[in-house]
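Quick notes on the structure that follows.
Numbering of residues begins at 1 and proceeds along the displayed sequence.
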Amino acid sequence: MDCPSAPNSLDHLLVQVCRLHYARSHCLLESIGVYRGQPPLLFILEEQEGVTHSELASHLHVTPATITKMLQRMEKAGLVERRPDTEDQRISRVYLTDAGRAILNDVKQAIATIAAETFAGFTEEEQQLLHHFLSRVRENLLRIWEEK
């Protein structure tokens, strides 16, 4: 069995793919004023506004501190706003602003471009198979994350 860090190992290949995808995503999203980690948060708020920090952290599998930092940056950009909960002033709820709603189409187009570039030349069957394998990898890693 290959050493996990060997240049031809699955682990090394996965790291390279993640880095290249990250770099391309960063480039496209930055051109529209959004950082790479922000689209999933925007999509959650598009479906359900008024969620709490802890709910966002749970959905995105990140720490509450990470969410706080993301929200500060997104508030500064005018994409979201935090409002105190009407029943519990210790809790704040997060909402899209008009600017946040307006940028969603650009974000979706950027993500579609990234997907088209990433999976160019793959048949539908190959994409489904890759989806299945990557879902299993994600489940393995999520299981470990949730055990912490």
Open item on the list: I need the full list of salt bridge (charged side-chain N to carboxylate O under 4.0 Å, His left out) pairs touching residues 61-72, with sequence neighbours left out, sorted by first then second residue.
Closed with: none
Ignoring hydrogens and angles, write down the donor-acceptor pairs under 3.5 Å from the side chains of residues 103-116, residues two or more places apart or on other chains.
{"residue": "Lys108", "atom": "NZ", "partner": "Glu46", "partner atom": "OE1", "Å": "3.3"}
{"residue": "Lys108", "atom": "NZ", "partner": "Glu46", "partner atom": "OE2", "Å": "2.9"}
{"residue": "Thr113", "atom": "OG1", "partner": "Gln109", "partner atom": "O", "Å": "3.0"}

- [ ] Kindly write out the residues that satisfy salt bridge (charged side-chain N to carboxylate O under 4.0 Å, His left out) with Glu126, not counting sequence neighbours, or none if the list is empty.
- [x] none
Task: Set of residues satisfying side chain to side chain donor-acceptor pair (under 3.5 Å) with respect to Ser54, sequence neighbours excluded - done: Thr52
Between side-chain atoms of residues 13-23 and protein atoms elsewhere (two or more places apart, or another chain), which donor-acceptor pairs fall under 3.5 Å?
{"residue": "His21", "atom": "ND1", "partner": "Ser25", "partner atom": "OG", "Å": "3.4"}

- [ ] Applying salt bridge (charged side-chain N to carboxylate O under 4.0 Å, His left out), name anything that partners Arg90, two or more places apart in sequence or on another chain.
- [x] Asp88
Task: Other residues, nucleotides, ligands: >12 heavy atoms within 6.0 Å of Glu125 CD - done: no
- [ ] Go through the structure and list residues passing side chain to side chain donor-acceptor pair (under 3.5 Å) with Arg136, not counting sequence neighbours.
- [x] none
TODO: Please identify each residue that fulfils salt bridge (charged side-chain N to carboxylate O under 4.0 Å, His left out) with Arg73, with sequence neighbours left out.
DONE: none
Open item on the list: Around atom CG of Asn140, are there more than 12 heavy atoms from other residues, nucleotides or ligands closer than 6.0 Å?
Closed with: yes
- [ ] For Ser92, enumerate each residue passing the side-chain contact (heavy atoms from CB on, under 4.5 Å) test, keeping only those at least two apart in sequence or located in another chain.
- [x] His53, Arg82
Open item on the list: I'd like to check the side chain to side chain donor-acceptor pair (under 3.5 Å) partners of Glu81; sequence neighbours left out, ordered by chain and number.
Closed with: Arg83
Open item on the list: Just to verify, what does Glu117 make a side chain to side chain donor-acceptor pair (under 3.5 Å) with, not counting sequence neighbours?
Closed with: Arg24
Task: Asn8 side, atom CG; Asp11 side, atom CG - distance, nearest 0.5 Å - done: 11.5 Å
Task: Option from Glu55, His59, Glu49 for which side chain to side chain contact (heavy atoms under 4.5 Å, CB included) with Ile44 holds - done: His59
Task: Summary of side chain to side chain donor-acceptor pair (under 3.5 Å) pairs that have at least one residue in residues 26-39, sequence neighbours excluded - done: none
